[in-house]
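The structure appears below as structure tokens.
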Amino acid sequence: MKQLVEDITKKALFKLFKSGGISKGPKDLPEFDVSRSKDPKFGDFATNAALVLSKELKTKPRDLAAMLINSIDLESTDIERCEVAGPGFINFFMKPNCWYNRLMLVHEHKDRYGHKKELSGPRVLVEFVSANPTGPLHVGHGRGAAVGDSLVRLLRAAGWNVDSEYYVNDIGNQMNILGRSLWFRFRQLQGEEIEFPENHYQGDYMKELAVEFANSPETQQIRNLDEPECILLASRYACRRILDGIQEDLSLFGVSYDKYFSERYLHESGRLQAALEKLKQLGKAEERDGALWFFMDDDQDEKDRVLVRATGEPTYFASDVAYHTEKIERGYDLLVDIWGSDHHGYVPRVKAAIEAFGFPSDRLKVLLVQFVNLIRDGQKISMSTRSGEFITLREVLDEVGSDAARFFFLTKRSDSHLDFDLDLAKKQSSDNPVYYVQYAHARISSIFRIAQEKGIDADYTNADLNILNLPEEIALMKKLSDFPDVLSEAAQALEPHRITFYLMELAELFHSYYHDNKVLTEDAEVKKARLFLVEAIRLVISNGLTILGVSSPVRM
RNA sequence: GCGCCCAUAGCUCAGUUGGAUAGAGCAACGGACUUCUAAUCCGUAGGUCAGAGGUUCGAAUCCUCUUGGGCGUGCCA
């Protein structure tokens with residue numbers, strides 16, 4: 001809808017240019033904005049075009065605004081009238097019947113309302129969570145999962161061609177420590193008196209895994225193997241089982257992936273070696289002190305970084321170089337990575353690698369998700385996978401449920417710190433904002449259910465929408481007509497939380513309307529029109545909640 | 001030391017990419033259930049947008065500095 005107003009403004013600019021009123025056409029002028037007006041007295045939409053362009057056109061803003069208004073042919077548009085306001089804004093007042101047309105669009109497209117019809121955005125790969133398979137997911141991962149998964153759903157709705165991926169660090173030092181951890185627990189289980197190393201994975205889940213391991217067919221092979229082979233076996237076993245658990249937790253959280261990408265594959269397929277060779281050929285990498293270094297330009301990163309250690313082991317960074325270039329070579333225009341903010345120092349490095357391979361560094365967008373502080377009894381709980389002290393995502397899901405947890409994570413921008421108060425989340429479960437939105441959906445659903453139970457005719461086809469002329473009804477129709485704009489802007493900004501706030505605002509308008517106005521009234525025509533409106537609200541709430549990965553209950 | 005992120009109501013957070021009078025939810029106070037669900041609604045109160053400069057028609061938003069917090073600064077992941 002904003003686009004519509006923008007087009008009309010540009011058309012007016014062009015007309016003014018042709019008639020000699022201004023010296024430049026829209027193509028030679030800077031971009032301007034169209035925004036939804038906050039206050040009804042400023043109309044429905046406003047543009048700052050005259051303010052932005054006045055300097056370039058050497059005309060006073062208010063004069064330019066007046067000239068623009070005169071160049072708009074109102075007859076052929078949805079605009080009733082325009083006004084110059086304040087320093088030079090143009091306020092647009094829409095014709096009332098245009099809201100009825102928008103309302104009909106909701107019914108026309110149903111669960112696709114707000115979505116782009118065809119694939120129009122870039123081809124993008126969203127990578128998120130990617131936690132090392134060394135232990136269960138904790139709450140911090142849950143935030144990344146909620147943001148990432150909702151972003152995927154949002155981008156798809158906006159017509160982008162999206163794949164999602166989980167990068168599995170299934171090789172390297174951590175896997176070795178994981179294998180040793182399981183191996184030691186296993187031997188302890190066999191009655192051996194050995195001390196468990198402090199820097200290994202202490203969590204109780206490793207003890208449980210050891211029991212499982214002892215009963216698995218794998219252990220049959222052990223007596224024929226020497227210890228390093230046993231540790232490798234244990235490592236593979238632990239990795240596989242822990243990853244199973246992670247997938248299970250994610251699935252409970254409503255999160256699924258198109259692909260789990262194995263780091264081990266990068267090593268074993270030779271892709272890692274090939275990437276390093278290419279860097280050497282390009283003169284971006286060279287051996288020094290027995291290690292292989294990536295040379296950083298001054299504007300890329302503060303210092304050079306090691307790709308292969310003197311021991312011959314490639315670093316995590318080496319894998320990332322190979323992984324990200326591989327992703328681009330798979331044909332993605334845009335890579336979106338969602339990382340914990342503690343990895344932020346890593347961004348310049350990976351961007352530099354992408355540049356080295358001849359791609360623009362803005363092919364990669366990294367969304368940094370800040371840490372979640374867990375609060376219990378007013379105290380911060382510190383978490384560490386290594387020490388085994390953490391609250392798992394699973395525990396939180398069992399306590400507050402997937403809907404509440406997802407919604408909670410998505411009521412905040414991802415780059416701000418977040419306190420997750422467990423007691424509050426539990427206690428608040430009845431007045432958590434998620435229920436406010438879901439309740440609106442349930443209420444509407446129950447209107448239709450009650451109608452059916454009581455044998456009331458709830459058919460709203462051929463409703464006369466002109467009956468919907470209460471200010472609250474107009475406000476609701478305007479809100480519904482915003483949804484496609486909100487969706488595409490949220491996608492553009494990679495900010496799924498905007499959908500959350502939109503839904504809370506829509507629910508607020510609905511609850512207030514519902515309280516004051518009966519839908520199933522005696523007047524058959526009024527009933528029809530209101531049912532039509534209310535069903536559209538239900539559809540939009542449901543569409544929005546689906547993007548957030550939250551359910552739309554029909555009764556609560 | 002250097003780098004990145006953050007600071008908005010008592011608390012938890014939004015703020016449409018620089019727009020008009022800074023908004024919600026909790027918590028507080030006062031009202032509304034004989035009604036399609038009170039998990040709701042209506043109202044009151046709550047602010048030096050951390051502080052100081054600067055940029056311009058216009059700043060919570062952009063720039064500089066200061067203060068306070070988080071994180072990073074490994075041939076760890």
Side-chain angles (χ1 to χ4, degrees), chain A residues 2 33-39 41-42 46 48 51-52 54-55 60-62 85-89 91 132 134 169 172-174 177 289-293 301-303 305-311 313-317 319 340-348 368 370-371 373 385-386 408 411-413 415-421 424 428-436 438-440 442-451 454 456 458 482 485-486 489-490 492-493 495 497-498 500-502 504-505 507-508 510-521 527 530-531 534 555-556:
Chain A
K2 278 185 190 174
D33 273 335
V34 171
S35 62
R36 168 114 246 165
S37 301
K38 280 185 227 166
D39 192 324
K41 79 180 178 207
F42 296 135
N48 60 357
L51 288 161
V52 174
S54 67
K55 190 171 275 181
K60 284 181 188 161
R62 285 191 65 101
F89 290 105
N91 292 333
N132 287 355
T134 54
N169 302 111
N173 200 26
Q174 291 310 307
I177 294 174
D289 305 327
L292 183 68
W293 292 76
D301 199 0
E302 48 194 13
K303 53 181 160 185
R305 304 290 175 179
V306 170
L307 290 160
V308 181
R309 298 180 193 106
T311 60
E313 283 172 295
T315 59
Y316 191 85
F317 176 46
S319 296
S341 61
D342 53 334
H343 289 72
H344 73 257
Y346 221 75
V347 178
L368 295 171
Q370 292 284 348
F371 263 149
N373 288 320
T385 309
R386 196 71 70 79
F408 179 79
T411 47
K412 278 96 192 154
R413 283 182 25 198
D415 61 357
S416 64
H417 300 262
L418 181 152
D419 288 336
F420 196 105
D421 189 322
L424 207 66
Q428 261 196 350
S429 62
S430 63
D431 44 23
N432 185 310
V434 71
Y435 298 103
Y436 186 78
Q438 288 184 317
Y439 188 49
R443 273 182 148 176
I444 298 171
S445 304
S446 75
I447 293 173
F448 287 95
R449 189 176 56 245
I450 295 284
K454 292 190 178 170
I456 300 171
D482 276 347
D485 284 341
V486 170
E489 282 164 22
Q492 195 64 44
E495 289 181 352
H497 77 273
R498 295 193 192 192
T500 318
F501 284 90
Y502 170 83
M504 290 194 282
E505 288 161 14
E508 187 179 5
F510 166 74
H511 282 305
S512 179
Y513 173 67
Y514 176 92
H515 190 266
D516 294 339
N517 301 283
K518 200 163 158 82
V519 175
L520 297 173
T521 54
K527 181 181 69 181
R530 288 185 176 171
L531 282 169
V534 144
R555 71 193 325 158
M556 288 171 73

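Naming: A, B, ... by sequence-line order, numbering from 1 per chain.
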Minimum-distance nucleotide (side-chain atoms of A:Arg498 versus B:rU17, B:rC41, B:rC75): B:rU17
Given that both distances must come in under 3.5 Å, which nucleotide forms a Watson-Crick or G-U wobble pair with B:rA60? none
Considering only the C1' atoms, how many Å lie between B:rU17 and B:rU61, rounded to the nearest integer? 9 Å
The nucleotide from B:rC57, B:rU40, B:rG72 with an atom nearest the side chain of A:Arg443 is B:rU40
Closest heavy-atom contact between A:Ala493 and A:Arg498? CB-NH2, 3.4 Å
Is A:Ala46 touching bases, backbone alone, or none of the nucleic acid, heavy atoms closer than 4.0 Å? base
Within the structure shown, what part of the strands sits under 4.0 Å from A:Lys38 by heavy-atom distance: base, sugar-phosphate, or nothing? base
How many whole angstroms separate atom CD of A:Glu508 from atom P of B:rG23? 13 Å
If the P atom of B:rC49 is compared with that of B:rA9, how far apart are they to the nearest Å? 10 Å
With P as the reference atom in both, quote the distance from B:rC11 to B:rG47 in angstrom, rounded to an integer. 12 Å
Mind checking if A:Asp485 touches a base, just sugar-phosphate, or nothing, with heavy atoms under 4.0 Å? nothing
Stacking between A:His511 and B:rA39, defined as ring centres under 5.5 angstrom apart with planes under 30°, is that present or not? no
Of the nucleotides B:rG15, B:rU37, B:rC42, which has the atom closest to the A:Glu495 side chain? B:rG15
Over all strands shown, is A:Tyr514 touching base, sugar-phosphate only, or nothing at heavy-atom distances under 4.0 angstrom? base
What integer distance in Å separates A:Arg62:CZ from B:rC57:P? 17 Å
Taking atom CG of A:Leu51 and atom CZ of A:Arg62, what is their separation to the nearest 0.5 Å? 10.0 Å
Tell me whether the NZ or CZ atom of A:Lys412 lies within the 45° cone about the ring axis of A:Phe408 and under 6.0 Å from its centre. yes
Can you measure A:Phe510 atom CZ to B:rU37 atom C1' for me and round it to whole angstrom units? 10 Å
Span that lies between the P atom of B:rA52 and that of B:rU67, in whole angstrom: 15 Å
Report the residue (A:Asp415 or A:Arg309) whose heavy-atom-nearest nucleotide on RNA chain B is the more 5′ of the two. A:Asp415
Proximity to the side chain of A:His497 - top-ranked nucleotide from B:rC75, B:rA14, B:rC76: B:rA14
Counting Watson-Crick and G-U wobble pairs only, both distances under 3.5 Å, name the nucleotide matched with B:rC29, or none. B:rG43
Could you give the distance separating B:rA24 and B:rC6 at their P atoms, to the nearest angstrom? 25 Å
Round to the nearest Å and state the distance from A:Tyr435 atom OH to B:rC26 atom P. 15 Å
Any-strand Watson-Crick or G-U partner of B:rG74, both distances under 3.5 Å: none
Output the single nucleotide from B:rC57, B:rC13, B:rA24 whose closest atom is nearest the side chain of A:Leu51. B:rC57
Which nucleotide, in any strand shown, forms a Watson-Crick or G-U wobble pair with B:rC65, with both distances under 3.5 Å? B:rG51
Does a donor on one side chain sit under 3.5 Å from an acceptor on the other, for A:Gln370 and A:Ser341? yes
Name the nucleic acid region contacted by A:Glu302, choosing base, sugar-phosphate or nothing; use a 4.0 angstrom heavy-atom cut-off, strictly under. sugar-phosphate
Expressed as a whole number of angstroms, how long is the span from A:Ile177:CD1 to B:rA77:C1'? 9 Å
For B:rU16, measure the glycosidic angle (O4'-C1'-N9-C4 for a purine, O4'-C1'-N1-C2 for a pyrimidine) and name it syn if it falls within 90° of 0, otherwise anti. anti
Rounded to whole Å, please give me the gap between NZ in A:Lys412 and P in B:rA14. 7 Å
With respect to the side chain of A:His515, which nucleotide from B:rU40, B:rG74, B:rC36 is positioned closest? B:rU40
Under 4.0 Å between any heavy atoms, over every strand shown, what does A:Ala451 touch: base, sugar-phosphate, or nothing? Just pick one. nothing
What's the base orientation of B:rC5: syn (chi within 90° of 0) or anti? anti
B:rG3 base to A:His344 side chain: any donor-acceptor pair below 3.5 Å? yes
For A:Ser35, which contact category applies under a 4.0 Å heavy-atom criterion: base, sugar-phosphate, or nothing? nothing
From the set B:rC41, B:rC75, B:rA77, return the single nucleotide nearest to any side-chain atom of A:Ala310. B:rC75
Looking at the side chain of A:Met556, which of B:rA39, B:rA77, B:rC36 is the nearest nucleotide? B:rA39
Spatial distance of atom CD (A:Glu505) from atom CG (A:Asp482) [nearest 0.5 Å]: 9.0 Å
Please give the distance between the C1' atoms of B:rU44 and B:rA27 as a whole number of Å. 15 Å
Atom C1', compared across B:rG51 and B:rU12: separation rounded to whole Å: 24 Å
Between A:Thr311 and A:Tyr439, whichever has its closest RNA chain B nucleotide further toward 5' is A:Tyr439
Flag side-chain contact, heavy atom, 4.5 Å: A:Thr315 against A:Arg309: yes
Just to be sure I understand the rule, does A:Asn91 reach a base, reach only the sugar-phosphate, or reach nothing, if contact means heavy atoms closer than 4.0 Å? base
Within the 4.0 Å heavy-atom criterion, would you say A:Pro87 contacts the bases, only the backbone, or no part of the nucleic acid? base
Closest to the side chain of A:Tyr346, out of B:rA14, B:rA77, B:rC36, is B:rA77
Could you say whether the aromatic ring of A:Phe89 and the base of B:rG19 stack, counting only centre distances under 5.5 Å and plane angles under 30°? no
Tell me if the side-chain of A:Asn48 makes a donor-acceptor pair with the base of B:rG19, cut-off 3.5 Å, by modelled atom types. yes
Identify whether any heavy atom of A:Gln370 sits under 4.0 Å from a base atom; if not, whether one sits that close to sugar-phosphate; answer base, sugar-phosphate or nothing. sugar-phosphate
Whole angstrom is fine here: how far is it from CZ in A:Arg413 over to C1' in B:rA24? 16 Å
When we call it a touch if two heavy atoms are under 4.0 Å apart, what does A:Asp482 touch: a base, just sugar-phosphate, or nothing? nothing
What's A:Lys518 touching, base or sugar-phosphate or nothing? Going by heavy atoms closer than 4.0 Å. base
Just how far is it from atom OH of A:Tyr316 to atom CG of A:Leu307, taken to the nearest 0.5 Å? 14.5 Å
Is A:Asn517 close to A:Arg530 at the side-chain level, that is, under 4.5 Å between some pair of heavy atoms? yes
Using the P atom as the reference point in each nucleotide, state the distance between B:rA14 and B:rC75 in Å, no decimals. 36 Å
A:Phe501 CZ to B:rU8 P, straight-line distance once rounded to whole Å: 15 Å
Closest of B:rU37, B:rC36, B:rC41 to the A:Arg555 side chain is B:rU37
Checking A:Tyr439 against A:Tyr435 for the ring pair (Phe, Tyr, Trp, His ring centres under 6.0 Å) test, could you report, in this order, the C-alpha distance in whole Å, the side-chain angles of both residues, the deciding distance, and whether it holds? CA-CA 6 Å; A:Tyr439 188 49; A:Tyr435 298 103; 9.8 Å; no
With rounding to the nearest 0.5 angstrom, report the CG to CD1 distance, A:Leu531 to A:Ile444. 10.5 Å
